[in-house]
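Heads up: the structure comes next, in structure tokens.
Throughout, a chain's letter reflects where its sequence line sits, starting with A, and its residues are numbered from 1.
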Amino acid sequence: MSEHTTLSDLEAAQDNTTAADVQQESVQNFPEPADVGATETMSMQQALNRALAEVMTENPRALILGEDVGQLGGVFRITDGLQKKFGEARVFDTPLAESGILGMSVGLAMAGYHPIPEVQFDGFAYPAVNQIICQVGRMNYRSRGTLPMPITLRVPSFGGIRAPEHHGESLEAMFAHVPGLKVVSPSGPNEAYHLLKYAATRQDPVIFMEPKSRYWQKGPVNTGADAAGYNPNGSRVVREGKHLTLVAWGAMVARCLQVAELAAEDGIEIEVLDLRWLKPIDAEGLAASVAKTRRAVVVHEAPRTSGLGAEVASIITERCFGTLKAPVERVTGFDVPYPSGDLEDEYIPNIDRILYGIQRVLEYRRG
Amino acid sequence: MSEHTTLSDLEAAQDNTTAADVQQESVQNFPEPADVGATETMSMQQALNRALAEVMTENPRALILGEDVGQLGGVFRITDGLQKKFGEARVFDTPLAESGILGMSVGLAMAGYHPIPEVQFDGFAYPAVNQIICQVGRMNYRSRGTLPMPITLRVPSFGGIRAPEHHGESLEAMFAHVPGLKVVSPSGPNEAYHLLKYAATRQDPVIFMEPKSRYWQKGPVNTGADAAGYNPNGSRVVREGKHLTLVAWGAMVARCLQVAELAAEDGIEIEVLDLRWLKPIDAEGLAASVAKTRRAVVVHEAPRTSGLGAEVASIITERCFGTLKAPVERVTGFDVPYPSGDLEDEYIPNIDRILYGIQRVLEYRRG
Amino acid sequence: MADVLALDGTGRAELAGEELRELYRLMVAVRYLDESAIRWQRQGLIPGYAPQLGQEAAQVGSGYALDMSRDFVFPTYREMGVARAVGVDMVEYMSTHKATWHGGLYDPKASRFAPIQAVVGGSVLHAVGWAHGQTLDGTPAGELGVAITYFGDGASSQGDVHEAMNFAAVMKAPVVFFIQNNGWAISVPTERQVAGGSVAARAAGYGMPSIQVDGNDVVAVAQATAAALAHARAGKGPAVVEAMTYRRGPHSTSDDPGRYRTLEEERADGGEDPLARMRARLLADGIADEAFFEEALAAAKAEEEQIRAGINALGPRPGTEMFDFVYQEPTQALKAQASAWREESEHV
Amino acid sequence: MADVLALDGTGRAELAGEELRELYRLMVAVRYLDESAIRWQRQGLIPGYAPQLGQEAAQVGSGYALDMSRDFVFPTYREMGVARAVGVDMVEYMSTHKATWHGGLYDPKASRFAPIQAVVGGSVLHAVGWAHGQTLDGTPAGELGVAITYFGDGASSQGDVHEAMNFAAVMKAPVVFFIQNNGWAISVPTERQVAGGSVAARAAGYGMPSIQVDGNDVVAVAQATAAALAHARAGKGPAVVEAMTYRRGPHSTSDDPGRYRTLEEERADGGEDPLARMRARLLADGIADEAFFEEALAAAKAEEEQIRAGINALGPRPGTEMFDFVYQEPTQALKAQASAWREESEHV
Ligand SMILES: Cc1ncc(C[n+]2csc(CCOP(=O)(O)OP(=O)(O)O)c2C)c(N)n1
Ligand SMILES: Cc1ncc(C[n+]2csc(CCOP(=O)(O)OP(=O)(O)O)c2C)c(N)n1
Ligand SMILES: [Mg+2]
Ligand SMILES: [Mg+2]
């Protein structure tokens, strides 16, 4: 199916988001005490583009490859201008074959490069799964550490943009299950900038899941010299609260902040935790938050069964069982194929469904 | 890597299993009140072969395809003799390409056939993941029910046979997450016979995960006319107990029965639940058992993070939170690539590790 | 452009008067609907569309050659012209572009036209499986149903396409691999996509006949396709047709071709407009006159109006359908999710 | 057997006296070790093995042609002979068959020999990536390191192999696709595997030169490989060498070839034993005598004894290594699992 999903459409999609939604991805709601210094306002697309440019400048062995990442700058323009800047040898289009892109990246990594491949959409990572699981995730192990796989795989991910089939998938549960991989997803521009810079300088493979519905949302990004204060590890409390912890990642973080605002009107103070790393999961961060709130709801777009919400819920339960007031609730996509645009608002956890989930937890009484 | 894993090796492997292990897969430990009538003693390999022969006889549109399934009868001999019996048109070798096998199966299903493809080993299902997730699981949905996908994908699964790399993988968490699929795994010969007959006569795609380390274990199989009493749905209590529920599937069921025997010596009565269906999961069965025992441990070979154990634990916790005495414990493979034969006993949950898990649950006190 | 490996049997006699006029009518209907769909997108009627502008000859010509009483079409996402040529309900077809239902609302079984396919290369193997199935039910060679699979130069890079060609050739499955080589896969030109420059040239390596045809000549396409179909129908195995054409428009309504090709390049590489070419031919051969062309256009307009009205009237599908079509035999777990969804979304 | 597309430049002069003797020595060492490994398996020293019996010429000849100061080998699982020819530590190589460590204990980077690969076709793309990498670091054409990827007739069916050939040809990556067409993929013969009958024939479709060589003639293989390497090294892009040989033994020590081929077929199809052939040639040309052959065999036996002793002495790796090599930068979560494992397994 054609990509209906670049600039114009996304800007249209943006118009559909509420004012509150945009506002919540502001620095107030994403307090970053450690991040002092210069900030610039930019979209996540710009932040990612900037991060890539810096990584490419700092590491001459870094390479960008994928479908349409060169002259076009990617269908989402994340690599816009980079081929011009770094040349056709370092930023190059491949033929249309995702297994090829990842398999080639393995070989490039063996030759000492740091490939930053893109697969054009989440759903088109599936043809590369064999290479990702059996090779990218395992070569360091198989070679007893002599052939590291510093591969940063960028995957425009998740739904919400009324796109064609296979353009709205959430693959985090699958990737998080794979030994040897690390998985991260930014929720806003500042996170995107810093997490990508961090991921793309690791010696291990990182699946970098970009919430495509958030590409065009703007926010302050700390690009100053002392951005070094940014802590790229673990989860992050993006709103403090004491009655319940909402755990989310990617595009669902902004939605959970909206929910928290609404709940606050009823006097319910919700803590919102941006999980950020989907592997390794920040068990301590989860436990610390829920130790305080004693209630938790985890939200994701992926289907419920065997989704990452089960892992998050299990970690919380294992660590906080003694103090938990209610079972951890999961508000997720349904166990159905990601639907067409007309139905996606029914599928993706919306504010009402998250509020119902919160209500169930708050009203839970031991039977 | 070569297949080190047919008859001779497996029989050798069998010698390593303890007498208790073999014994537990007897009818006493698998009580089947509904299954009266003739039983025959056979191995799981024989039971599967028999089931396939019966399915092929009953449904002239059923086809068997895959690598080496014809004259060779499969590297595990599950399709032994079937090409001779049903002809080269209905049982045929394909070229060596798993995506091809599954993609072709989709087309055959569209043409009104019931394909029963085999991928030779778990790890070689990865090249077919794109076809399995995007096509097998979705064609019925996409076509609004007009193009059903009655595809029964047999996957020799799990570890335990000292095989080469990629021959000991556990893919159930991935498959269970996929909308449109159903997933089942038999634990012994009788289950294998009945569940395969059931799966291969469904109108929906079923991933049939065969525990390859159990292929050569023998047990009674009810093949009589009144085998109709067998209930193929849901989970199954294979040993009753009141102190704790052990949940397992595939090869881990027999191991959990061993553990239960050992625990019984200490007066601990463990209920062992063979989950059987990994999608849909029998939430009622889980809840009923744990409502009684108030404690649960789930055991699987797959890596822990984002494994199916998290889903099982979440379901139990959601349903039994009020009465659970301790958080559900997960005893699983580690978050590492499946290791070489020399280390696999360290990787797969062994009796000690399961006992430790049980101990942690029994000794749990709210902090 | 020449046969890479000659196909024996042309399968279909020369096309004559009314057949040629019909081809033209189809091309106009497709062209008009295609251009309209871009307008629909600009007007907000549909969120996106992948135009087939310039590929009318390849699509209509090949679709026209099919015997829809026994053949089956496996499209990708740009085959609106094929759908129209073989008689798929066009409101139901276009509904996928309204984001109503992934794959389209038409009945693929009754239409003998598989659901629209967004995974590039994803349906090529399905065609092989379906085709192999035709050989298993006792249909005599010569009367086999043939699967035709449509994909692009970009798709030819996918591993699945290789597996499909190899499976088909090993099994002698009656399938026609129809490649629309339109010069581009989004921003990547064929020369950086297809090593060796031609997908048809690959066929020889599988021991399969192939033909590379001028994809802007509707008659040539129809004849090449007919020859390939006849070969497959006769039980001689698969064949490849590569229609050399040009994607005259953007990849999709979201695309900005100005970033990777100039208007001059488009003009130089695009060659002759297949519609203009057919029109000139009909005129030159005295097969049609201006009145006919006007009539054809008027019919196309009327048709587009009806389709637009149909698309306009299309409401969203009920949310229950998210759950209804997952399985033939639904699970309790999914039924429970459907109930929860209903309760929460309808605030009951 | 003939060039499908002529390779220009032979890359290496005719092989003479000591070179030919060295090839023979390597073949004997490989043959003896291979046969011994089957005995090891029967004796319970190793759980399984995939013999290369009959493929000595293909493996030794091609390995011998490499320039291991700059080339890099991407094997599958049956390339023991290549490993031996290029100097991989054979205890560390064979350790994979003892189930000590998947991929082998040798250092693949230092050995310029990638880990043993169990996914059929899995490493072919790696070779393309590595090879493309050689063109990015300023090495002048003519001095490029070349990747050589070994795979079988069965593997050629995998989509990854097509993607690899297309990527390599589009990017002109210096890679040699070395196919050992040994007639079988477990129980499936080449004619039901490789449509068209030859993998080399596929090369033309990618605009790539290829050569089909008598894989049982070690000198011919060495020369064909040298020519392909020279082509790639010169910056002219990839090339295909298809060595036609025969898997004289079972697929692996678990396999029972009697189920799918008779001994008569084996004898008829197997052709001349590559070792016997080389021996006859050396004798006929007066390059070696009986004493030399005895010496070579004695050396092979001594070598095998050492390797067997090494394998015998190999204990299991410490369980901590399960955790140690997962990441370059280990995670807290995994460290915690390692501690838990240690406590539970050592009952501390
Ligand atoms: C497996 C897969 N990868 C990537 C995409 C994104 N994508 C959609 S169309 C397209 C280009 C297709 O080119 P081609 O096959 O030549 O067909 P055309 O668009 O020219 O009709 C790409 C990369 C996809 N849909 N599927
Ligand atoms: C992707 C994948 N599918 C299936 C297998 C199982 N398998 C191992 S070897 C083999 C046959 C390989 O044949 P070929 O490529 O000709 O190599 P040969 O064994 O003849 O050396 C098969 C099917 C595998 N290892 N990998
Ligand atoms: Mg194209
Ligand atoms: Mg072979």
*Run the numbers on C/Gln117 and A/His166 for side chain to side chain contact (heavy atoms under 4.5 Å, CB included), then give the verdict.*
CA-CA 10 Å; C/Gln117 177 53 245; A/His166 312 291; 4.1 Å; yes
_Once rounded to the nearest 0.5 Å, what's the spacing between atom OH of A/Tyr356 and atom OG of C/Ser345?_
9.0 Å
*asked:* If I take atom OH from residue C/Tyr77 and atom CD from residue A/Glu165, how far apart are they, to the nearest 0.5 angstrom?
replied: 14.0 Å
*Considering only NZ, NE, NH1 and NH2 on the basic side and carboxylate oxygens on the acidic side, decide whether C/Arg259 and A/Asp80 come within less than 4.0 Å.*
yes
*Flag the one option from C/Tyr260, C/Tyr327, C/Trp341 with the top tally of heavy-atom pairs under 4.5 Å to chain A.*
C/Trp341
*Mind listing the closest non-hydrogen atom pair of A/Gln120 and C/Ile186 along with its distance?*
OE1-CD1, 3.5 Å
*Mind checking the CE-OG spacing from C/Met322 to A/Ser340? Nearest 0.5 Å is all I need.*
12.0 Å
*Salt bridge present between A/Arg360 and C/Glu344 (N-O < 4.0 angstrom)*: yes
*asked:* When you compare the side chain of A/Leu72 with that of C/Asp255, does any pair of heavy atoms fall below 4.5 Å?
replied: yes
*Evaluate the side-chain proximity of C/Gln158 to A/Glu98: yes if any heavy-atom separation is below 4.5 Å, no if none is.*
yes
*For C/Ala155, is it the side chain, the backbone, both, or neither that has a heavy atom closer than 4.5 Å to a heavy atom of chain A?*
backbone
_Is any side-chain heavy atom of A/Pro95 closer than 4.5 Å to one of C/Arg192?_
no
_To the closest 0.5 Å, what do you measure between CD1 (C/Ile46) and CZ (A/Arg162)?_
11.0 Å
*asked:* Distance check, rounded to the nearest 0.5 Å: C/Gln193 atom CD versus A/Glu67 atom CD?
replied: 8.0 Å
*Can you tell which part of C/Pro257 gets under 4.5 Å to a heavy atom of chain A, answering side chain, backbone, both or neither?*
neither
_I'd like to know whether C/Asp256 forms a side chain to side chain contact (heavy atoms under 4.5 Å, CB included) with A/Arg77, so could you lay out the CA-CA distance, the side-chain angles of the two residues, the decisive distance to 0.1 Å, and finally the verdict._
CA-CA 11 Å; C/Asp256 174 10; A/Arg77 309 290 186 263; 4.0 Å; yes
*asked:* Test of understanding: with salt bridge (Lys or Arg N to Asp or Glu O under 4.0 Å), list the residues that count as partners of C/Glu264, not counting sequence neighbours.
replied: none
*Give, for atom NE2 of C/His102 and atom NE2 of A/His167, the distance between the pair rounded to the nearest 0.5 Å.*
9.0 Å
*Can you find a heavy atom in the side chain of A/Asp68 that is under 4.5 Å from one in the side chain of C/Ser187?*
yes
*asked:* Are the side chains of A/Leu96 and C/Val188 in contact, using a 4.5 Å heavy-atom criterion?
replied: no
_For C/Arg317, is there an ion pair with A/Asp342 - N to carboxylate O distance below 4.0 angstrom?_
no
*Please list, in residue-number order, every residue in residues 327-336 of chain A that has a heavy atom less than 4.5 Å from any heavy atom of chain C; write 'none' if there are none.*
A/Phe334, A/Asp335, A/Val336
